[in-house]
A.B. asks: 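Dropping a structure here in structure tokens format, bear with me for questions.
Nothing fancy with the numbering, it's 1 onward along the sequence. When a ligand or atom number is given, it counts from 1 through the structure's own listing order. What you see below is based on every heavy atom in this structure, not just the backbone, and it leaves out hydrogens, waters and symmetry mates.
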Amino acid sequence: MSSIESVLTETRIFAPHETFRQAATVSGLPAYQALCDAAEQDYTGFWAQLAQQEITWHTPFTETLDESNAPFFRWFADGKLNASYNCIDRHLEKRANKIALIFEADNGDVTNITYKELHQRVSRFANALKKQGIGLGDRVIIYLPMSIEAIIAMQACARIGAIHSVVFGGFSAKSLHERIVDVGAKLVITADGGLRGGKAVALKSAVDEALTLGGCEAVTHVIAYQRTGVDIAWNPQRDLWWHDIEAAESDYCEPTWVDAEHPLFILYTSGSTGTPKGVQHSTGGYLLGAIMSMKWVFDHKASDIFWCTADVGWITGHSYVAYGPLALGSTQVVFEGVPTYPDAGRFWQMIERHKVSIFYTAPTAIRSLIKLGGDLPNKYDLSSLRLLGTVGEPINPEAWMWYHKVVGKERCPIADTWWQTETGAHMIAPLPGAIDLKPGSCTRPLPGIIMDIVEEDGTHIEGTGGGLLVVKKPWPSMIRNIWGNEERFKKSYFPEELKGLYLAGDSAHRDEDGYFWIMGRIDDVLNVSGHRLGTMEIESALVANPLVAEAAIVGKPHEIKGESIVAYVVLKGERPEGEAAKAIATQLRDWVGKEIGPIAKPDEIRFGENLPKTRSGKIMRRLLRSLAKGEEITSDISTLDNPAILEQLKQAAG
Ligand code: 6R9
């Protein structure tokens, strides 16, 4: 294949701030290099030592990595541990009264909970689960709003060796049903309802509906946490109130010691085709990934106030809300609401209020907050911040610069973290006290993570050419299987052509300094007059224009060029129409021509008030591609955050 061309050059570079570098756990480039060298010299020894140091084992492991049944790798397999013990119990001796969770509700009410209280509540709930017949290896669906209870439910499952599968509270009864059936759940934990942006969300009724759809006979009980007090239907044979069953239980539950390879959870991720995949994670390796990335990438210290804004329905809310911060004994903020309620200053107000020092969010949130109030952060005291992070999509360099200047006051490093549900933890991200930053690049792989860029046949690409992003060696927090579907696991992530390399599904290139630049999903690559182009760079060129808030690029079949370029654009101001739209479109085409070159000039520009996004904030280019071609959208769009936008964008085609 011809490799994927990189067309946008970013030359700005930001060294770690001196005060940050001096205090960092990994300080200076040589320290990072030394860790990478150690991993290269003795790969399994490197990970074994960290696993011994960072995890409290009930039974130590003797074998680090078992590759005998590749790609079904096993890490620390004869060791025994408990994830909940590692997240809670081990802090009790020294930090029992430290605040574990600062929960801020949608309406601004705050509830704090210490490690000691968390231990008691997790224990009580775990005992209650046991009483309902839940034990080692049973699957439990968690369908809850962001809450202290969501974290308790996950930790309680981990405590007794039950395997949780969290389903995002915004998903429909149909999506929920699909997951209950696939995972073979025995129990569903939900709430009467949730509150987001001042609006009530129904949850229990979606569970009731899902359970009528058939195939859910294994579900014996539904536990409901009372959040809003709305009237709900009640099935006395099946339904239990959380507060009723918790109240009667003892404050202590002995952790169930499980094998390191015991599945900690299954989390569904919707690929672009087919049914959602149940990504199965281990206990030991997963926990190690969460811990090491908290230390290396977030440079986490005991004094930090950590805030990851992701919902526990996503992998980011697993690794950097439910497990990573607790494993380190952190104090973290947990937020029920949305960034735009009561106004677009909510995040900044909460950072001021809780003195957040590490803040981790998504580029899509950043771009929408720029659109809604680019000056709003200046109204708040953000001096507690020392580190910023992003995840989920490539961050366009101009959005990065805004985050850096307006939120981080040019003082806080930005960790642009590339990883996936399947990788369990960060894979490519700066160690912020060691690595100079370049806006738009996730920089370099973590120590012990061996990444490469290859052709479609797995051949390494020399130099700076773009291609497929792959992982060359198994790593502890990697996906273990797609639940119940080994064939699909092998085909999706270890296709034969790649001869044992892990296929991430993204395209990327590496620059002269060894920095990685994600160019987009492989499925979205365009072929324009024989040039293969990723979506990211043209989008970033558009976002660099002062008028533009967000952009998505897709290809549309073209008789001569193969594909033509269609840009969907959201402006910072009103959506333009008629002549105004034409004038701005011409201006933007010329702009891209100048920023990148004539090859990347969009053939068509369509304006919308927003773009179709998944509930986790990713732009769904697949749907835009169908729209651009004038196709009817027949696929399931129930997981879309804003389905109405499709209609507007369809009309934008004119
Ligand atoms: C953690 C998470 C994974 C996909 C991934 C890539 C995109 C995530 C990114 C990024 C560029 C980053 N992605 N982080 N692209 N820069 N920093 O988001 O997991 O929901 O499974 O999505 O998201 O395309 O392959 P998941």
A.B. asks: Rounded to the nearest 0.5 Å, what separates atom CH2 in W400 from atom CZ in F14?
C.D. replies: 5.0 Å
A.B. asks: Can you find an N/O atom of G392 closer than 3.5 Å to an N/O atom of ligand 1?
C.D. replies: yes
A.B. asks: Taking 4.0 angstrom as the limit and counting only heavy atoms of V391, give me the atoms of ligand 1 inside it, by number and element.
C.D. replies: 1 (C)
A.B. asks: For ligand 1, which atoms, with element, lie under 4.0 Å from some heavy atom of R521?
C.D. replies: 24 (O), 25 (O)
A.B. asks: Do any heavy atoms of K618 fall under 4.0 Å from ligand 1?
C.D. replies: yes
A.B. asks: Where the closest heavy atom to atom 3 (C) of ligand 1 is concerned, which of W517, W419, F516 has it?
C.D. replies: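 Nearest heavy atom to atom 3 (C) of ligand 1 lies in W419.
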A.B. asks: Counting only nitrogen or oxygen atoms and a 3.5 angstrom limit, does Q420 reach ligand 1?
C.D. replies: yes
A.B. asks: Is P394 touching ligand 1 with its side chain, its backbone, both, or neither, if touching means heavy atoms under 4.0 Å apart?
C.D. replies: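 Both parts.
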A.B. asks: Between D524 and R625 (salt bridge meaning N to carboxylate O under 4.0 Å), is one present in this structure?
C.D. replies: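 Yes, this pair counts.
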A.B. asks: Using the rule given for side chain to side chain contact (heavy atoms under 4.5 Å, CB included), can you reason through I305 versus V333, listing the C-alpha separation, both sets of side-chain angles and the distance that settles it, and then say yes or no?
C.D. replies: CA-CA 7 Å; I305 309 283; V333 174; 4.1 Å; yes
A.B. asks: Here's a test for you: under side-chain contact (heavy atoms from CB on, under 4.5 Å), which of D506, L469, D511 qualifies with F516?
C.D. replies: L469
A.B. asks: Quick check: does T390 get an N/O under 3.5 Å from an N/O on ligand 1?
C.D. replies: no
A.B. asks: Which of the atoms of ligand 1 are close to I518, meaning less than 4.0 Å from one of its heavy atoms?
C.D. replies: 11 (C), 15 (N)
A.B. asks: I'd like to know if K371 and E550 make a salt bridge, using a cut-off of under 4.0 Å between side-chain N and carboxylate O.
C.D. replies: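 Not counted as a salt bridge, because no side-chain N and carboxylate O are separated by less than 4.0 Å.
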A.B. asks: In a check of side-chain contact (heavy atoms from CB on, under 4.5 Å) between K556 and each of V566, L624, L526, which one passes?
C.D. replies: V566
A.B. asks: Between K277, H426, E393, M519, which one has a non-hydrogen atom sitting closest to atom 9 (C) of ligand 1?
C.D. replies: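 The nearest heavy atom belongs to E393.
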A.B. asks: Relative to the heavy atoms of D416, which atoms of ligand 1 are at a distance of less than 4.0 Å?
C.D. replies: 12 (C), 16 (N), 17 (N)
A.B. asks: Of the backbone atoms (N, CA, C, O) and the side-chain heavy atoms from C-beta on, which set of I315 has a member under 4.0 Å from an atom of ligand 1: side chain, backbone, both, or neither?
C.D. replies: side chain
A.B. asks: Test of understanding: given a 4.0 Å heavy-atom threshold, classify the contact between T421 and ligand 1 as side chain, backbone, both, or neither.
C.D. replies: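 The part of T421 near ligand 1 is both the backbone and the side chain.
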A.B. asks: Are the aromatic rings of H300 and Y320 close, with centres under 6.0 Å apart?
C.D. replies: no
A.B. asks: Could you tell me whether R12 and E398 have a side-chain N and a carboxylate O separated by less than 4.0 Å?
C.D. replies: yes
A.B. asks: Applying the side-chain contact (heavy atoms from CB on, under 4.5 Å) criterion to Y360, which one of T316, T390, V297 satisfies it?
C.D. replies: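 The side-chain contact (heavy atoms from CB on, under 4.5 Å) with Y360 is passed solely by T316 among T316, T390, V297.
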A.B. asks: What residue and heavy atom of the protein are closest to atom 6 (C) of ligand 1, and at what distance?
C.D. replies: D506 OD2, 2.9 Å
A.B. asks: Taking only heavy atoms of T417, which atoms of ligand 1 are found under 4.0 Å from at least one of them?
C.D. replies: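 Listed by number with element: 9 (C), 12 (C), 14 (N), 17 (N).
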A.B. asks: Under 3.5 Å between some N or O of ligand 1 and some N or O of T269?
C.D. replies: no
A.B. asks: For R510, is there an ion pair with D452 - N to carboxylate O distance below 4.0 angstrom?
C.D. replies: yes
A.B. asks: Counting only heavy atoms not in K491 (residues, nucleotides, ligands), do more than 12 fall under 6.0 Å from its NZ?
C.D. replies: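 No, the 6.0 Å shell around NZ holds no more than 12 heavy atoms from other groups.
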A.B. asks: Return yes when W314 approaches ligand 1 closer than 4.0 angstrom through a heavy atom, no otherwise.
C.D. replies: no
